[in-house]
2 protein chains.
Amino acid sequence: MMKISQLAAHSGLSAHTLRFYEKSGLIEASQRTGSGYRRYSEEDIRRVEFVKTARDAGFSLDEIAQLLSIRLDRDQHTCEDVTSITRHKLEAVNEKIAQLTEIRESLELLLESCDGGLDSAVHCSIIEALEAGAAKTTHPNEDQATKEATL
Amino acid sequence: MMKISQLAAHSGLSAHTLRFYEKSGLIEASQRTGSGYRRYSEEDIRRVEFVKTARDAGFSLDEIAQLLSIRLDRDQHTCEDVTSITRHKLEAVNEKIAQLTEIRESLELLLESCDGGLDSAVHCSIIEALEAGAAKTTHPNEDQATKEATL
DNA sequence: ATAAACCTTAGAGTTATATCAAAGGTCAAG
DNA sequence: CTTGACCTTTGATATAACTCTAAGGTTTAT
């Protein structure tokens with residue numbers, strides 16, 4: 001039976017974060033000492049490790065909550081339930097990467113245009129490019145591009 | 001001289017956002033009507049366009065504030081000042097992309113391991129992988145990986 | 001003249017994920 | 001028995017960039 005600081009050291013999550021995850025309904029300490037200290041059982045610890053692993057894999061706390069409820073009640077769920085969450089996550093990640101890649105291209109274009117020298121910025125081509133509205137490198141998707149995939 | 005809603009339509013930023021940018025010190029309406037309505041001059045409008053373009057290029061509002069102050073006082077700054085901001089941004093974007101790419105790999109690995117069928121998740125290999133601690137695909141960089149590039 | 005559409009402000013709320021602070025109770029060692 | 005490390009709770013703070021609300025004043029068109 002671990003105390004919270006031991007579990008923190010063991011899991012790589014801070015005691016603060018463990019309490020926060022508990023408040024969020026992700027984990028719990030199945031026992032308390034008489035004075036109210038949390039005691040984590042082996043099972044509790046495995047759950048915390050699951051959360052940590054899922055977090056490292058990129059899942060949000062909400063998604064982890066879904067995965068946990070599947071884990072706790074496996075025979076009422078299908079593999080498809082799990083892959084669905086994972087696929088959606090993967091799509092969101094891919095979308096975010098695509099956005100950032102566009103931004104990277106914008107920035108690289110800006111940098112290419114400017115020597116970066118130590119002389120005055122009076123004719124700095126980056127400033128000029130931003131004044132000329134040179135943001136969108138390629139995609140002219142004004143449609144409903146406001147998706148913004150929160151990730 | 002435009003009113004705020006006209007500038008909103010023109011710039012693609014909402015009137016709310018324009019007021020928010022003003023409060024943040026990025027832009028202003030150089031005049032007001034007797035009743036207090038904002039009136040934007042051509043110069044004001046160019047500044048708003050600059051902000052919008054820079055935002056679309058991926059700069060944060062803080063970074064845009066820096067760029068604006070350079071733009072307003074070009075001969076007191078060098079191209080290096082501008083490229084420095086841009087390079088740092090590019091580095092942050094690259095780091096974020098690298099993180100997301102690792103996450104993508106984790107997710108793809110998880111998906112590969114699971115058929116995603118409609119049968120019970122009792123033996124779902126994704127759940128099992130998360131229980132086994134299969135998060136980190138490659139990089140074992142435990143060092144100071146807590147950089148977390150806010151972007 | 002009245003209704004619709006527009007404008008103003010200050011300030012609160014949102015999202016996600018923590019992180020910290022305050023005020024105090026508990027435990028182990030010397 | 002005291003000191004220091006640890007634990008508890010509630011609730012505030014942080015980040016970034018909005019987004020919205022409330023309560024009210026203005027403009028324009030019919």
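Bear in mind the structure is a predicted one, so any value in this text is a computation, not a measurement. These numbers come from the heavy atoms of this one structure, side chains and all, not from hydrogens, waters or symmetry mates.
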**Item:** side-chain N/O B:Arg32 vs C:dT9 OP1/OP2, d < 4.0 Å
**Value:** yes

**Message:** Quick check on D:dT8: is either OP1 or OP2 less than 4.0 Å from any side-chain nitrogen or oxygen of A:Arg38?
**Reply:** yes

**Message:** Whether A:Thr17 contacts C:dT19 is assessed here as follows: a side-chain N or O lying under 4.0 Å from the phosphate OP1 or OP2. Is that the case?
**Reply:** yes

**Prompt:** Would you call B:Leu111 and B:Leu109 a side-chain contact if the rule is heavy atoms closer than 4.5 Å?
**Reply:** no

**Request:** Remember a base hit wins even if backbone is also touched, and classify B:Arg55 as base, sugar-phosphate or nothing at under 4.0 Å, heavy atoms.
**Result:** sugar-phosphate

**Asked** Which of these nucleotides, C:dT19, D:dC18, C:dA18, is closest to any side-chain atom of A:Tyr21?
**Response** C:dA18

**Asked** In whole Å, what is the span from the CG atom of B:Leu18 to the P atom of D:dA17?
**Response** 16 Å

**Message:** I'd like to check A:Asp81 versus A:Ile85 (side-chain heavy atoms, cut-off strictly below 4.5 Å). Are they in contact?
**Reply:** no

**Asked** Between B:Met2 (CE) and D:dT27 (P), how many Å, whole number?
**Response** 20 Å

**Prompt:** Taking everything shown except A:His123 itself, do over 12 heavy atoms lie less than 6.0 Å from its NE2?
**Reply:** no

**Request:** Report the distance from atom NZ of A:Lys23 to atom P of C:dC20, rounded to the nearest whole Å.
**Result:** 14 Å

**Complete:** The answer to which of B:Thr33 and B:Asp62 contacts DNA chain D further toward the 5' end, by nearest nucleotide, is B:Asp62

**Complete:** Assign each of B:Ser5 and A:His16 the nucleotide of DNA chain C bearing its closest heavy atom; nearer the 5' end lies the nucleotide of B:Ser5

**Request:** May I have the distance from B:Lys52 (atom NZ) to D:dC18 (atom P), rounded to whole angstrom?
**Result:** 11 Å

**Request:** Counting heavy atoms from C-beta on, name the nucleotide in D:dC20, D:dA17, D:dT26 closest to the side chain of B:Tyr37.
**Result:** D:dT26

**Asked** Nearest-Å distance, CZ (A:Arg19) to P (D:dC6)?
**Response** 12 Å

**Message:** Just so I know, are the side chains of B:Leu110 and B:Leu130 near enough to count as touching, which here means a heavy-atom distance under 4.5 Å?
**Reply:** yes

**Request:** Provide, to the nearest angstrom, the distance between the CZ atom belonging to B:Phe20 and the P atom belonging to C:dA10.
**Result:** 15 Å

**Request:** Quickly work out the B:Glu22 CD to C:dT8 C1' distance and round it to whole Å.
**Result:** 11 Å

**Message:** In this structure, how many angstroms lie between the C1' atom of D:dA5 and the CD atom of A:Gln6, rounded?
**Reply:** 13 Å

**Request:** Looking only at non-hydrogen atoms, find the nearest pair between A:Arg39 and A:Ala29 and report the distance.
**Result:** O-CB, 3.6 Å

**Complete:** Checking D:dC7, C:dC7, C:dT26 against the side chain of A:Ser35 (C-beta onward), the nearest is C:dT26

